[in-house]
Amino acid sequence: MFREVYRRLYDCFGAQGWWPGEGPFEVMVGAVLTQNTAWRNAERALGRLRRAGLLEPRAIAEADSARVAAAIRPSGCFNVKTRRLQALSRAYLSWGGRQGMATMGTGDLRRALLRVHGIGRETADDILVYAFDRPVFVVDAYSRRIFERLGLLEGGERYEKVRRDIESVLDPDPALFNEYHALIVQLGKTVCRPLPDCVACVLRDLCPTAESPAAGR
DNA sequence: GCCCAGGTGTTTC
DNA sequence: GAAACACATGGG
């Protein structure tokens, strides 16, 4: 069923071509900047970092935190995110950069990322998929809501369970997981706004047998 | 003015 | 563990 949802979303929206970013490190920075933040604002912050010469691990790690904070201001929570970016940059360097990380197994890399201050499950999985091409499903509020509505999730499941359940029935194809999360976000942006209810219309197409709407909120 | 956005850490029960 | 809260800007 998760395959079918994917297929329909892909037919409907086409390839999303995520992640908009230049290399692994930039993707990682973007993943932190977009936490609880619209991508548009994360993008602004990214541009300002670049213009300030701060879009490199060593530059961020060694810069005065006030400078980093000023650069990423448009993405909100800038003091919090500054600490996170500096921690992530130091970790990135300590792991031997993109090469070092590329040689690590997905499980090890995930555990390493989760130990970094400010990198939670969703951000870690964003990084695994979009910076290092690992076949990992990114669980977010949209995917939960959509799958719950389709009856594929009960609601209230833990992050890890959702992730494993979905990964276990899909081919471990990095490109597929890359598109899947992007398509769900696309669906969320175009249809699920305001969040709770209007998922329904797309879901009628996705799965005619799904429970009818109104249970929202 | 209020709610939300491609969350996470801390505190408290 | 789970719930409540802080973090903070920009758009609808």
Side-chain angles (χ1 to χ4, degrees), chain A residues 5-6 9 13 15-22 24 26-49 52 65-91 110-134 136-147 154-163 166 176-199 202 216-217:
Chain A
V5 173
Y6 172 75
L9 286 176
F13 295 107
Q16 299 298 300
W18 274 22
W19 183 289
E22 293 307 307
E26 243 188 81
V27 173
M28 294 169 69
V29 172
V32 169
L33 291 176
T34 198
Q35 288 170 350
N36 201 38
T37 300
W39 175 249
R40 162 186 291 277
N41 292 332
E43 213 167 20
R44 287 191 183 129
L46 225 33
R48 291 164 60 113
L49 275 177
S65 57
R67 250 189 91 215
V68 178
I72 67 171
R73 168 174 285 269
S75 74
C77 306
F78 46 81
N79 289 315
V80 171
K81 288 178 181 176
T82 292
R83 249 184 299 136
R84 295 179 182 178
L85 288 180
Q86 294 195 300
L88 183 58
S89 299
R90 284 191 285 272
R110 188 166 197 275
R111 280 184 285 277
L113 285 165
L114 289 173
R115 269 183 248 119
V116 178
H117 173 87
I119 307 301
R121 295 179 178 87
E122 189 173 337
T123 304
D125 289 337
D126 275 336
I127 291 171
L128 289 169
V129 179
Y130 296 105
F132 294 97
D133 295 313
R134 307 304 174 95
V136 168
F137 186 82
V138 181
V139 181
D140 66 349
Y142 286 140
S143 54
R144 281 182 186 276
R145 191 169 296 118
I146 290 164
F147 291 142
E154 298 262 325
E157 286 96 341
R158 308 279 262 317
Y159 185 102
E160 296 301 327
K161 174 177 166 45
V162 176
R163 187 172 70 83
I166 295 176
L176 184 154
F177 285 97
N178 178 315
E179 287 296 338
Y180 208 157
H181 175 62
L183 285 164
I184 283 173
V185 172
Q186 180 59 32
L187 173 65
K189 281 202 234 184
T190 53
V191 186
C192 303
R193 172 189 307 242
L195 286 175
D197 285 322
C198 56
V199 195
V202 165
R217 183 92 314 228

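Only this structure's heavy atoms are used, side chains among them; waters, hydrogens and symmetry mates stay out. In the text below, chain A, chain B and the rest are named by the order of the sequence lines, each starting its count at 1.
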Q: Side chain to side chain contact (heavy atoms under 4.5 Å, CB included) with V80(A): which residues, sequence neighbours excluded?
A: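 With neighbours one apart ignored, the set is C77(A), R83(A), R84(A).
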Q: Determine the contact category for S75(A): base if any of its heavy atoms lies under 4.0 Å from a base atom, sugar-phosphate if only primed atoms, P, OP1 or OP2 are that close, otherwise nothing.
A: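 The residue S75(A) makes no contact with any strand.
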Q: Between R163(A) and E160(A), is the closest basic N to carboxylate O distance under 4.0 Å?
A: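 Salt bridge between E160(A) and R163(A), a charged N being under 4.0 Å from a carboxylate O: yes.
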Q: Could you run down the sub-3.5 Å N/O contacts of the protein with nucleotides 11-13 of chain B?
A:
none

Q: With a 4.0 Å cut-off on heavy atoms, is N79(A) in touch with a base, just the backbone sugar-phosphate, or nothing at all?
A: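 Contact class for N79(A): sugar-phosphate only.
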Q: With rounding to the closest Å, how many angstrom separate the P atoms on dG6(B) and dC7(C)?
A: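 That atom pair is separated by 22 Å.
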Q: Select base, sugar-phosphate, or nothing to describe what H117(A) touches, counting heavy atoms under 4.0 Å on all strands.
A: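 Answer is sugar-phosphate: H117(A) comes under 4.0 Å of backbone atoms only.
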Q: Tell me, which of residues 36-45 of chain A have any heavy atom that sits under 4.0 Å from an atom in DNA chain C?
A: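 Those residues are N36(A), R40(A), N41(A), R44(A).
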Q: In whole angstrom, give me the gap between the P atoms of dT8(B) and dG11(C).
A: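 Taking atom P in both dT8(B) and dG11(C), they lie 24 Å apart.
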Q: Give one of base, sugar-phosphate or nothing for R158(A), where a contact means two heavy atoms less than 4.0 Å apart.
A: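 Sugar-phosphate, backbone atoms only, no base.
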Q: Could you tell me whether I184(A) contacts a base, only the sugar-phosphate backbone, or nothing, with contacts defined as non-hydrogen atoms closer than 4.0 Å?
A: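 The residue I184(A) makes no contact with any strand.
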Q: Counting only side-chain heavy atoms from C-beta out, which of dT8(B), dA8(C), dG6(B) sits nearest to Y142(A)?
A: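 For the Y142(A) side chain, the nearest candidate turns out to be dG6(B).
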